[in-house]
Colleague: 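Below you will find the structure I want to go over with you.
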Amino acid sequence: VQLQASGGGLVQAGGSLRLSCAASRRTSNWFTMGWFRQAPGKEREFVAAISWSGTTTYYADSVKGRFTISRDNAKNTVYLQMNSLKSEDTAVYYCAADTSSRWSMVGTSYDYWGQGTLVTVSS
C-alpha cells in the first residue's frame, strides 16, 4: 500500500487546513488509518485515528475539539480537518495504515506510512 499525504502549507494561527491521504489500493478501506506528526526536535506523536468504517475515531488530547479525521472509502482517501491552528501544531504530518486494525495510538502498530506533509502555523 502506498500512501500519499498532501494539503500542508503555511497558515496563520487560528486558521484552518485540510490534509488528505490517498491510498493506492482499495483494500486500504479495511484498515484503521491514523495521522501522526513530528515537530522539529521532538518525537513523533499520535494525532488521530479512524476505524475502517469511519464510525469510530480517536484523538490526542492536544487536538481534540479542533481536528476532525474522516475517510471516504470510495476515494481511498482519509482526511484531517484542522481548525483553530496553533503555533504548536507546526510539524510534519504523516498518515499511516494499520493493516491489522489493532486500533493503536502507537506508531509501531502501523505498517505503511506516507511521505509526510509540512504544516507551519505562524503566530
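As a basis for the values below, the full set of heavy atoms in this structure was taken, side chains included, without hydrogen atoms, waters or symmetry mates.
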Colleague: Ignoring hydrogens, what is the shortest heavy-atom contact between Arg37 and Ala91? Give both atom names and the distance.
Modeller: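 Heavy atoms only, the tightest pair is CB-CB, 3.8 Å.
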Colleague: Would you say the side-chain atoms of Tyr79 and Arg18 include a donor-acceptor pair closer than 3.5 Å?
Modeller: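 Distance-only check fails for Tyr79 and Arg18.
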Colleague: Any sub-3.5 Å donor-acceptor pair from Thr117's side-chain atoms to Ser6's backbone N or O?
Modeller: no
Colleague: Check whether any side-chain heavy atom of Asp98 sits under 4.5 Å from a side-chain heavy atom of Tyr112, and report yes or no.
Modeller: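 No, side chains not in contact.
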Colleague: Who pairs with Gln38 by side-chain contact (heavy atoms from CB on, under 4.5 Å), at least two apart in sequence or on another chain?
Modeller: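 Here the qualifying residues are Arg44, Tyr94.
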Colleague: Whether the Ser87 and Ser123 side chains hold a donor-acceptor pair (N or O, under 3.5 Å, no angle test) is what I'd like checked.
Modeller: no
Colleague: Could you pull out the closest heavy-atom pair between Ala23 and Val1, with the gap in Å?
Modeller: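 Taking every non-hydrogen atom into account, CB-CG1, 4.4 Å.
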Colleague: Closer than 3.5 angstrom, by distance alone: can the side chain of Thr77 be matched with the main-chain N or O of Lys75 as a donor-acceptor pair?
Modeller: yes
Colleague: Do Arg71 side-chain atoms and Ser51 backbone N/O form a donor-acceptor pair below 3.5 Å?
Modeller: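 A pair under 3.5 Å: yes.
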Colleague: Quick one: salt bridge (charged side-chain N to carboxylate O under 4.0 Å, His left out) partners of Asp111, sequence neighbours excluded?
Modeller: Arg102
Colleague: Testing the basics here: between Leu80 and Trp35, what is the closest heavy-atom pair and its distance to 0.1 Å?
Modeller: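 Scanning both residues, the minimum pair turns out to be CB-NE1, 3.6 Å.
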Colleague: Grab the two heavy atoms, one from Thr90 and one from Val121, that are nearest each other, plus how far apart they are.
Modeller: OG1-N, 2.9 Å
Colleague: CZ of Phe31 to OG1 of Thr99: how many Å apart, nearest 0.5 Å?
Modeller: 5.5 Å
Colleague: Kindly indicate whether the side chain of Val119, heavy atoms from C-beta on, has any atom under 4.5 Å from the side chain of Met82.
Modeller: yes
Colleague: Could you work out, with salt bridge (charged side-chain N to carboxylate O under 4.0 Å, His left out) as the rule, every residue matching Lys42, not counting sequence neighbours?
Modeller: none
Colleague: Assigning hydrophobic clusters by single linkage (Ile, Leu, Val, Met, Phe, Trp, Tyr; side-chain heavy-atom cutoff under 4.5 Å), is Leu19 placed with Val11?
Modeller: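 Same cluster.
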Colleague: Salt bridge (charged side-chain N to carboxylate O under 4.0 Å, His left out) with Glu88: which residues, sequence neighbours excluded?
Modeller: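 Glu88: no salt bridge (charged side-chain N to carboxylate O under 4.0 Å, His left out) contacts found.
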Colleague: In this structure, would Leu3 and Val92 fall into the same cluster of hydrophobic residues linked by side-chain contacts under 4.5 Å?
Modeller: no
Colleague: Shortest non-hydrogen contact from Ser16 to Ser84?
Modeller: OG-N, 4.4 Å
Colleague: In this structure, are over 12 heavy atoms from other groups packed under 6.0 Å from Tyr59 atom OH?
Modeller: yes
Colleague: Which pairs count as salt bridge (Lys or Arg N to Asp or Glu O under 4.0 Å) when at least one residue sits in residues 48-66, sequence neighbours excluded?
Modeller: Asp61-Lys64, Arg66-Asp89
Colleague: So do Gln4 and Cys21 actually touch side chain to side chain, heavy atoms under 4.5 Å?
Modeller: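 SC-SC contact between Cys21 and Gln4 ruled out.
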Colleague: Measure the shortest side-chain to side-chain distance between Ile69 and Val78 over non-hydrogen atoms and say whether it is less than 4.5 angstrom.
Modeller: yes
Colleague: Taking ring pair (Phe, Tyr, Trp, His ring centres under 6.0 Å) as the test, write out the residues that go with Phe36, two or more places apart.
Modeller: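 Only Phe46, Tyr110, Trp113 meet the ring pair (Phe, Tyr, Trp, His ring centres under 6.0 Å) criterion with Phe36.
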Colleague: To the nearest 0.5 Å, tell me how far Thr68 OG1 sits from Asn83 CG.
Modeller: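 Taking OG1 in Thr68 and CG in Asn83, the distance rounds to 6.5 Å.
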